[in-house]
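One structure is given here, and the rest of the page talks about it.
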Protein chains: 4
Amino acid sequence: MQAAMQVFAQEGYEKTRVEDIARAAGVGKGTVYEYFSSKEEIFEQAVVKGTEEYLASLERELAAQLSLEDKLLAVARQHLHFMVSQRDVARILASSPGLILPRLKQLMLDIRREIEDKVVRVIAAGIKGEHLRQVDTYLAARVFLGGLSAVAGPHCFQEESWELESTAQEICRIFLTGVVKRQSGSGAARFPSVSPC
Amino acid sequence: MQAAMQVFAQEGYEKTRVEDIARAAGVGKGTVYEYFSSKEEIFEQAVVKGTEEYLASLERELAAQLSLEDKLLAVARQHLHFMVSQRDVARILASSPGLILPRLKQLMLDIRREIEDKVVRVIAAGIKGEHLRQVDTYLAARVFLGGLSAVAGPHCFQEESWELESTAQEICRIFLTGVVKRQSGSGAARFPSVSPC
Amino acid sequence: MQAAMQVFAQEGYEKTRVEDIARAAGVGKGTVYEYFSSKEEIFEQAVVKGTEEYLASLERELAAQLSLEDKLLAVARQHLHFMVSQRDVARILASSPGLILPRLKQLMLDIRREIEDKVVRVIAAGIKGEHLRQVDTYLAARVFLGGLSAVAGPHCFQEESWELESTAQEICRIFLTGVVKRQSGSGAARFPSVSPC
Amino acid sequence: MQAAMQVFAQEGYEKTRVEDIARAAGVGKGTVYEYFSSKEEIFEQAVVKGTEEYLASLERELAAQLSLEDKLLAVARQHLHFMVSQRDVARILASSPGLILPRLKQLMLDIRREIEDKVVRVIAAGIKGEHLRQVDTYLAARVFLGGLSAVAGPHCFQEESWELESTAQEICRIFLTGVVKRQSGSGAARFPSVSPC
DNA sequence: CATGAATGAGCCTTCATTCAT
DNA sequence: CATGAATGAAGGCTCATTCAT
């Protein structure tokens with residue numbers, strides 16, 4: 001239910017009243033219970049529904065024959081796109097998992113883990129192919145996804161606006177080669193002291 | 001109030017009952033209202049109190065004469081340390097800002113922004129000093145902090161365990177120079193296609 | 001409606017949902033309202049319908065030329081048979097009259113009173129014919145019917161099983177001549193003290 | 001809670017609203033939940049509380065060294081007294097056990113059974129002492145108690161008025177020696193046919 | 001100053017009843 | 001004529017807040 005996702009995203013699980021969802025959907029309160037057996041179930045289905053398309057797209061893209069770079073770029077695009085197009089669900093997923101009902105917490109952790117695992121596999125392949133150095137795959141995956149979420153977050157929460165494609169590219173670039181300026185000749189004394197700021 | 005922070009972190013704002021806080025603090029329910037005028041105020045003060053030490057430490061460290069690398073390292077250490085030692089508050093801050101009372105939402109956004117700005121300034125200095133390439137400072141700051149939070153998050157929420165110092169170093173390294181393996185000679189054809197995974 | 005009586009008996013008036021009745025009857029929920037204007041009316045008609053056959057049979061039997069004993073036996077048989085065969089309705093009638101809607105309360109009291117009156121008339125005739133001693137007819141009638149109901153009740157509610165004919169005879173015998181052992185010679189000192197039990 | 005018993009007795013379990021109980025008790029709705037955890041528990045405690053005095057009195061009386069007749073008389077007095085003085089609880093107990101929540105049903109059946117067993121023991125002792133003929137003890141006990149309840153019932157439900165002591169005596173007399181007129185000489189042709197009524 | 005009993009607004013959920021199809 | 005989706009009033013229960021002790 002589109003209406004449910006919006007209201008949940010706007011108000012959060014606890015503050016959302018079933019009556020609000022009903023009104024948002026343009027139906028009576030009782031009608032909601034014709035389709036869902038409880039408020040918890042509405043939430044669960046809203047999350048599952050809102051996530052599955054994203055997960056499916058991700059799966060599809062990563063199955064293709066792509067370079068490491070393009071795979072990360074695909075993840076970045078999909079993730080940013082998900083957070084923009086499904087901002088309601090993304091907002092829900094972003095809420096700390098500790099803060100809601102146990103059953104739902106598990107559901108959300110599972111989804112996060114599923115995404116994480118996909119990235120882990122891409123990175124692991126990169127390491128195996130000797131394109132990446134020996135990083136902790138889980139740590140790296142989290143850094144990558146965390147970076148993406150942190151960039152998209154303000155968009156979701158504060159209506160900032162940005163350009164998706166260039167953002168995705170820049171985040172990938174940071175993740176792959178860092179922010180340091182490639183100094184032509186040397187690797188020496190790369191990080192001299194900077195003045196206090 | 002230490003007690004309040006713990007309970008809020010454990011249960012979330014909505015699920016926390018004032019009586020729980022009182023019991024955790026070892027006082028009567030009425031006594032809580034001697035010191036705070038409402039549940040919302042308890043929450044607010046708990047967040048402010050739990051954050052201010054972190055913010056102060058950060059301020060202090062960044063005021064010192066340090067290399068860019070060391071400054072980022074300091075941020076990483078402080079941030080990870082904050083998320084571990086004040087996991088209660090961190091957990092609260094991590095909950096999506098849209099999900100709580102409007103007044104508190106602003107408070108939390110302000111805090112995030114304050115941290116973000118510090119990192120932005122470090123990065124801006126790095127760019128000015130030509131140590132970093134021309135990245136969008138806010139984007140980079142968010143990627144950095146998002147990476148940190150994403151790595152520490154599972155620790156807060158799921159009791160994972162890890163070693164702080166090495167984690168901080170690795171995240172800084174990824175942020176600065178990326179995950180790509182430095183190939184001695186060339187920069188050419190750096191990311192060949194990898195097989196599907 | 002047979003279905004209604006069964007459901008009412010199974011679940012009680014309050015717990016029965018109109019939808020249950022509809023399903024039990026194999027029709028749609030709306031269809032029920034084609035034949036009855038409200039839940040209360042369904043209940044009323046179910047009780048009336050379930051009772052009228054019993055009342056008619058009783059009427060018929062008592063109209064016959066029978067001895068006092070046989071009339072009571074007829075009442076006993078009919079009452080027990082009613083409580084077994086129409087256990088659904090009996091169960092409904094057994095629920096305390098104070099516990100349901102005012103209008104239905106009156107209906108049920110009327111039915112009870114009707115049965116009671118029949119027994120009262122039998123007893124009154126017995127007294128007039130000097131076969132029975134001068135007992136309060138209403139009191140005696142209630143004792144008789146109360147005894148019958150109390151014996152049959154556990155059958156209705158707890159699935160006990162017993163033989164109707166012998167039970168009817170024994171209850172009549174108790175009512176007519178009591179449980180005391182007829183001591184051949186004397187009526188003296190009939191109830192000596194017994195030890196505590 | 002006196003108030004609860006009254007309201008339950010007046011309205012029945014289902015129709016009683018917790019708010020009614022609260023109002024009857026002169027307190028707020030929430031206050032009720034300070035002392036009981038649920039509506040069901042209020043009911044349970046009301047029944048237990050209202051019954052225990054009756055059960056205790058019965059126990060005490062039957063423990064005494066009394067003749068069979070006096071014991072039954074004691075039961076009759078206590079039972080009638082209970083139904084008058086605790087008419088609220090009696091009314092609750094009288095409601096058909098099938099009609100309420102399973103847990104409460106069992107509670108009520110247990111109480112009934114406890115009373116029944118006491119009478120069964122009295123009767124069994126009477127049979128053993130050869131004062132009573134070989135009747136089915138459970139059947140007899142139910143007839144006796146059913147008679148008592150049926151007589152007292154209308155008092156509870158319809159405000160009839162009667163004299164307890166003489167009623168108790170008459171019911172015992174019927175139970176012990178029946179309603180038949182003791183004809184001096186003979187037992188022959190005791191129940192001649194009576195005309196239709 | 002500390003307390004916790006009392007309060008009642010508010011929310012999830014049920015279900016008798018209606019009515020468009 | 002039959003249906004069942006839609007409805008909203010009503011009730012059980014929670015909990016932030018107050019206030020008499």
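So that the names make sense, note that chain A is the first sequence line, chain B the second, and so on, each numbered from 1. This structure is a prediction, so every number in the text was calculated from the model and none was measured.
Looking only at distances, no side-chain donor or acceptor of A:Lys15 sits under 3.5 Å from a matching main-chain atom of B:Glu14.
What separates CZ of A:Arg17 from P of F:dG8 is a distance of 15 Å, to the nearest Å. For D:Asp20 and F:dA10, the CG to P distance is 13 Å, given to the nearest whole Å. For the pair D:Glu40 CD and F:dC13 P, the interatomic distance rounds to 9 Å; values are reported in whole Å. In this structure, D:Lys15 places its NZ atom 18 Å from C1' of F:dG12, rounding to the nearest Å. Between the CZ atom of C:Arg23 and the P atom of E:dA16 there is a distance of 12 Å, given to the nearest Å. A straight line from OH of D:Tyr13 to C1' of F:dG11 spans 12 Å, rounded to a whole angstrom. Rounded to whole angstrom, the span from the CD atom of A:Glu14 across to the C1' atom of F:dC15 amounts to 13 Å. A straight line from CD1 of D:Ile21 to C1' of F:dG12 spans 11 Å, rounded to a whole angstrom.
Looking at which nucleotide of DNA chain F each of B:Glu19 and D:Ser38 is closest to, the 5′-most match is held by D:Ser38.
Checking A:Gln2 against A:Gln6 by side-chain atom types alone, no donor-acceptor pair falls below 3.5 Å.
For E:dG10, the paired nucleotide is F:dC13, the pair qualifying as Watson-Crick or G-U wobble because both relevant distances are below 3.5 Å. If you check F:dC1 for Watson-Crick or wobble pairing at under 3.5 angstrom, you find it has no partner at all.
The aromatic rings of B:Tyr54 and B:Phe82 sit parallel to each other, their planes meeting at less than 30°, with 60° as the upper class boundary.
Figure legend: cation-pi geometry between A:Lys39 and A:Tyr13, with NZ or CZ positioned under 6.0 Å from the six-membered ring centre and within 45° of its axis.
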Please lay out, stage by stage, how B:Ile42 and B:Phe8 fare under the test side chain to side chain contact (heavy atoms under 4.5 Å, CB included).
-> CA-CA 10 Å; B:Ile42 307 174; B:Phe8 276 133; 3.9 Å; yes

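Heavy atoms of D:Ser37 sit nowhere under 4.0 angstrom from any nucleic acid atom.
The CD1 atom of D:Ile111 lies 11.0 Å from the CD atom of D:Gln106; values are rounded to the nearest 0.5 Å.
In this structure, D:Asp110 does not pair ionically with D:Arg113, as no charged nitrogen and carboxylate oxygen lie closer than 4.0 Å.
Contacts of residues 28-36 of chain C with DNA chain F (heavy atom under 4.0 Å): C:Gly28, C:Lys29, C:Gly30, C:Thr31, C:Glu34, C:Tyr35.
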